[in-house]
Amino acid sequence: KAVNMTLTGGKIYGYISIVLCIMLAQSQVVSAKKLPQWLNTMQADYIIVSAEDASLEQAKQKAIDLVRVQIMNSIAQHVTSSSQSHTTEVETNNQFSTVTQYTASLQTESVDYPFLNGVSPSMVEESYVETLKKNKQTIYRFHVKYPYTKQHLQERVQQFLDYENNLQEQMDAFVREDFAGMRSLEQMLQRKTDLKVYQSTLPKTDSRREQCDQLQLRYDEMIRSVRIVIDTITREQMVVALLYGDNVITYNKTPKLQSECLMEVASQLQDSKWKYTYNFQGCYPDEMNKVTLSLSILGKRIVQEAYIK
């Protein structure tokens with residue numbers, strides 16, 4: 001149904017201006033008959049890229065992803081060029097190797113690295129969209145002009161170095177871990193979980209992932225070395241401890257006591273050790289009565305046997 005509108009020249013101009021402003025604010029797409037001068041150029045203090053997709057929103061996202069990759073490439077170039085005059089060249093080269101791993105991961109993984117925080121469509125200074133036809137399909141080519149000065153580069157480089165150094169410090173701490181200061185099996189198992197979480201934050205191409213796999217095996221071996229030790233045993237009670245090395249540790253699961261003759265068995269945790277009480281009347285007083293204590297840790301059944309006479 002047609003709608004008749006009568007507007008003066010000034011009102012028409014104002015109306016069109018308002019509509020254009022709203023459209024630009026919502027889509028960030030510059031629409032003009034004349035191509036922007038910055039299109040397909042290289043300009044100081046800017047990253048200029050373009051991406052295509054059958055979906056306009058996907059084309060926008062691809063363009064922002066390309067900006068992120070360009071930023072990572074700039075960090076990589078800066079780190080490797082700095083290594084030529086850096087006194088700790090080996091360390092810097094390692095960081096360069098790491099930054100290239102992050103660059104590769106950006107193209108294959110959906111990871112939000114903290115040193116890329118803030119890289120978003122809202123930071124685009126100018127954009128332009130072209131509508132193309134390919135094999136009878138409409139394709140959108142989205143161009144962006146993203147501000148990226150030397151100061152931006154220096155800030156990103158420092159953020160990257162801080163992030164990478166923090167990751168390496170964590171890795172070094174995991175390598176040094178020997179559970180000597182642990183006072184419970186839960187702490188040891190939590191440390192193993194922490195290592196797994198840390199590993200998941202690394203790019204799939206990061207060489208530290210393989211190191212984490214090796215550490216997981218070492219952690220398993222250390223945890224499974226926990227043993228059950230009987231402190232004292234009489235016809236009335238038994239005191240049992242869990243030992244890692246020479247250290248007594250606690251656990252929220254009580255070792256299971258099995259006996260063919262003991263009755264009314266009860267246990268209580270006291271001073272990081274388990275105290276078992278029982279009725280000996282069902283046992284043979286002139287024979288060695290076998291008692292078995294067992295506990296499952298990481299799928300391994302730990303067993304300790306004792307005899308009561």
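The chain is numbered in sequence order, starting from 1.
Glu186 has no carboxylate O lying under 4.0 Å from a charged side-chain N of Lys192, or vice versa, which leaves the two without a salt bridge. Using a 4.0 Å cut-off between charged side-chain N and carboxylate O, Glu221 and Arg218 make no salt bridge. For Glu177 and Arg191, the salt-bridge test passes: some basic side-chain N is under 4.0 Å from an acidic carboxylate O. Note on Glu305 versus Lys290: salt bridge recorded, some NZ/NE/NH1/NH2 to OD/OE distance being below 4.0 Å.
Asn247 contributes a side-chain N or O that, together with a main-chain N or O of Ala180, makes up a donor-acceptor pair within less than 3.5 Å. In this structure, the side chain of Arg141 does not engage the main chain of Val129 through any donor-acceptor pair within 3.5 Å. Under a 3.5 Å cut-off, the side chain of Gln199 and the backbone N or O of Arg209 do form a donor-acceptor pair. Counting only distance, with no hydrogens or angles, the side chain of Arg227 and the backbone of Gly245 share a donor-acceptor pair below 3.5 Å. Between the side chain of His78 and the main chain of Ile75, no donor-acceptor pair closer than 3.5 Å is present. Panel note: side chain Asp206, backbone Leu202; no donor-acceptor pair is recorded below 3.5 Å.
In this structure, Gln154 places its CD atom where more than 12 heavy-atom neighbours from other residues, nucleotides or ligands lie under 6.0 Å away. In the displayed structure, Phe179 atom CZ is contacted under 6.0 Å by more than 12 heavy atoms of other residues, nucleotides or ligands. The number of heavy-atom neighbours closer than 6.0 Å to CG of Asp172, taken from other residues, nucleotides and ligands shown, is above 12. In Glu210, the CD atom is not crowded: 12 or fewer heavy atoms of neighbouring residues, nucleotides or ligands sit closer than 6.0 Å.
Using bins of under 30°, 30° to 60° and over 60° for the plane-to-plane angle, the ring pair Tyr128/His143 lands in the tilted bin. Between Phe174 and Tyr219, the ring planes are tilted. Angles from 30° to 60° get that label.
If you check the side chains of Gln77 and Asn73, you find no donor sitting under 3.5 Å from an acceptor. Defined by atom type and a distance below 3.5 Å, a donor-acceptor pair is missing between the side-chain atoms of Glu57 and Gln61. With 3.5 Å as the limit, one finds a donor-acceptor pair spanning the side chains of Tyr148 and Ser74. A donor and an acceptor atom, one from each side chain of Asp162 and Gln158, are located under 3.5 Å apart. Side-chain contact annotation: Gln268 with Trp274, donor-acceptor N/O pair under 3.5 Å absent. Side-chain atoms of Lys275 and Ser267 form no donor-acceptor pair, as typed in the model, at a separation below 3.5 Å. Between the side chains of Tyr278 and Gln237, no donor-acceptor pair of N or O atoms lies under 3.5 Å.
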Check against ring pair (Phe, Tyr, Trp, His ring centres under 6.0 Å), Phe115 and Tyr113: CA-CA 5 Å; Phe115 46 85; Tyr113 297 115; 5.4 Å; yes
Salt bridge (charged side-chain N to carboxylate O under 4.0 Å, His left out) assessment of Arg208 paired with Glu164: CA-CA 12 Å; Arg208 286 173 295 205; Glu164 172 57 26; 2.8 Å; yes
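Atom CD of Gln43 is separated from atom CH2 of Trp38 by 9.0 Å, given to the nearest 0.5 angstrom.
The one candidate from Val229, Val240, Thr250, Asp231 that meets the side-chain contact (heavy atoms from CB on, under 4.5 Å) condition with Lys273 is Asp231.
A continuous path of Ile, Leu, Val, Met, Phe, Trp and Tyr side chains, each step under 4.5 Å between heavy atoms, connects Leu39 with Ile48, placing both in one hydrophobic cluster. Tyr276 is not connected to Val239 by any chain of hydrophobic side-chain contacts under 4.5 Å among Ile, Leu, Val, Met, Phe, Trp and Tyr, and they are in different clusters. The hydrophobic cluster containing Leu243 does not contain Leu293, counting ILVMFWY residues as joined when their side-chain heavy atoms lie under 4.5 angstrom apart, directly or transitively.
For Ala306 against Ile233, the heavy-atom pair with the smallest separation is CB-CD1, 3.9 Å. Here the closest non-hydrogen pair linking Ser50 and Leu66 is O-CD1, 3.3 Å.
Using a 4.5 Å cut-off between side-chain heavy atoms of Ile, Leu, Val, Met, Phe, Trp and Tyr, Leu217 forms no hydrophobic cluster with any other residue.
Considering only residues two or more places apart in sequence or on other chains, Asp53 meets the salt bridge (Lys or Arg N to Asp or Glu O under 4.0 Å) condition with Lys62.
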